[in-house]
Novice: 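Dropping the structure in here first, questions after.
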Amino acid sequence: MSTNLIKNAIKHTILVTKHKWLVFKFCCKIGMPFRGLMHDMSKFSFEEFSESIKYYKGKVSPITGCKKDKGYSKAWLHHKGRNKHHDSYWVDFNTPQIAPVIPYKYVAEMLCDKISASITYNGKQWNKLSLFNYWEIEKTNIIINPKTEHFLSAIIEEVKDKGIDEVFNKKHFKEMYKKYCIDDTTEYKYIFKGEWQEVKK
Ligand SMILES: [Zn+2]
């Protein structure tokens, strides 16, 4: 192994550990320490770790770097296939709903993940608006059941207005999930267009 790869391996391990620690703290706030402890463990698998140290950049995700370089990322495909806190884990075009409502514990973990990543990537520039601004764009680029989206958006908007501490607690999360994902009886069907466009060079 080259010295560069060893250095990246150390830096990447520190970054992942910091992220996991932050996720653990938020997961504790909402009463699920075990999920916080197990969060993103697959990042230490060979499939994910080897690619991440090859494309380690520090401020940007190595997965983004690999996707740009190769057109796909095996680490990401491995990660999203095993980690239920990612919206893409739940997407299956051979199911009636395409994207079902994500069960409570995984969306709750997703929120802890999102807020942690937002804090880590923004560093000193992070403020109550950071995640809200990011989510406003992200939510238009993913396939997610509208009910799950409404729950996520509601919590993220509250963080923008009141801050993390006011919003991140078990009782409130459960109430909000009930309101948006259980009591709402609207049914949604995803319309798949499947269009391709030739890219002019
Ligand atoms: Zn993850």
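Indexing begins at 1, ligand by ligand and atom by atom, following the structure's order. For clarity, every value in this text was computed on a predicted model and none was experimentally measured.
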Novice: Is the distance from the Zn ion (ligand 1) to some N, O or S atom of H86 under 2.8 Å?
Specialist: yes
Novice: In Å, rounded to the nearest 0.5 Å, how long is the span from CD1 of I156 to CG of L129?
Specialist: 12.5 Å
Novice: What angle, in degrees and rounded to 10°, do you get at the Zn ion (ligand 1) when you join it to NE2 of H85 and to NE2 of H79?
Specialist: 130°
Novice: Starting at CG of D183, measure out to NZ of K147 and round the result to the nearest 0.5 Å.
Specialist: 10.0 Å
Novice: Restricting to N, O or S, what is the name of the atom of D40 that lies nearest the Zn ion (ligand 1)?
Specialist: OD1
Novice: Relative to Y72, does K67 satisfy both conditions: NZ or CZ under 6.0 angstrom from the six-membered ring centre, and within 45 degrees of the ring's axis?
Specialist: no
Novice: Look at the N, O or S atoms of D113, main chain and side chain alike, and state whether any lies under 2.8 Å from the Zn ion (ligand 1).
Specialist: no
Novice: Classify the ring geometry of H150 against Y188: parallel below 30°, tilted from 30° to 60°, perpendicular beyond 60°.
Specialist: perpendicular
